[in-house]
Amino acid sequence: MRELRFHREARAELVAAAEHHEAERPGYGERFREEMRKLVEQAAELPATGQREAGYPAGVDVRTFRFRVFPYSLVVSIEPEMVLVVAVTHGRRRPGYWRDRLE
């Protein structure tokens with residue numbers, strides 16, 4: 001399995017989303033975190049199963065893993081020895097805002 005790292009802003013997005021869901025409905029923060037754990041494991045173990053993001057040059061592999069229950073996606077950059085979590089993004093807000101994190 002590849003090493004897994006979080007961009008600092010992605011980690012903050014994860015915490016904020018979990019807190020938001022917990023405040024809206026007790027227990028949903030933990031459900032969100034559990035679904036996130038599963039997606040992170042999938043990204044680290046089977047990175048090619050994520051949907052490839054278009055528009056990147058050869059050698060830059062950015063993939064999206066969609067949550068099943070929540071309207072969020074996990075955006076990762078796949079590198080030879082590492083998977084970098086770039087963003088935990090809401091599916092209906094500010095599309096592509098995280099792209100500058102890849103520079």
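Sequence positions, counted from 1, serve as the residue numbers for this chain. A quick note: this is a predicted structure, and the numbers were derived from the prediction, not measured.
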Arg94 bridged to Glu13 by N-O distance under 4.0 Å: no
Flag, side chain of Glu3 to backbone of Glu81, donor-acceptor distance under 3.5 Å: no
Heavy-atom closest pair, residues Ala18 and Arg33: CB-NH1, 3.3 Å
Ion pair Arg37/Glu30, N-O distance below 4.0 Å: yes
Arg5 atom CZ, over 12 foreign heavy atoms within 6.0 Å: no
Cluster link Val60 to Met82, ILVMFWY, side chain under 4.5 Å: yes
Plane angle bin for Phe32 and Phe67 - parallel if under 30°, tilted between 30 and 60°, otherwise perpendicular: parallel
Rounded distance (nearest 0.5 Å) linking atom CD of Glu53 with atom OG of Ser73: 8.5 Å
Any side-chain heavy-atom pair of Val62 and Trp98 under 4.5 Å: yes
Close side-chain approach of Glu9 and Arg101, heavy atoms under 4.5 Å: yes
Arg63 vs Pro47 side-chain heavy atoms within contact, under 4.5 Å: no
Separation between OG1 of Thr89 and CZ of Arg66, rounded to the nearest 0.5 Å: 10.0 Å
Glu19 CD to Glu24 CD distance, which is reported to the nearest 0.5 Å: 13.0 Å
Close side-chain approach of Asp100 to Leu102, heavy-atom, < 4.5 Å: no
Main-chain N/O of Val69 paired with Glu35 side-chain donor or acceptor, under 3.5 Å: yes
Hydrophobic cluster identity match, Phe6 and Val75, side-chain contacts under 4.5 Å: no
Rounded distance (nearest 0.5 Å) linking atom CG of Leu84 with atom CD of Glu79: 6.0 Å
Side chain to side chain contact (heavy atoms under 4.5 Å, CB included) evaluation trace for Met36 with Leu14: CA-CA 8 Å; Met36 178 70 176; Leu14 166 62; 3.6 Å; yes
Closest non-hydrogen atom pair, Ala43 against Leu74: CB-CD2, 4.4 Å
Aromatic plane relationship, Phe70 with Tyr28 - under 30° parallel, 30 to 60° tilted, over 60° perpendicular: perpendicular
In one Ile/Leu/Val/Met/Phe/Trp/Tyr side-chain cluster, 4.5 Å: Leu4, Val86: no
Side chain proximity check, Val88 to Tyr72, heavy atoms < 4.5 angstrom: yes
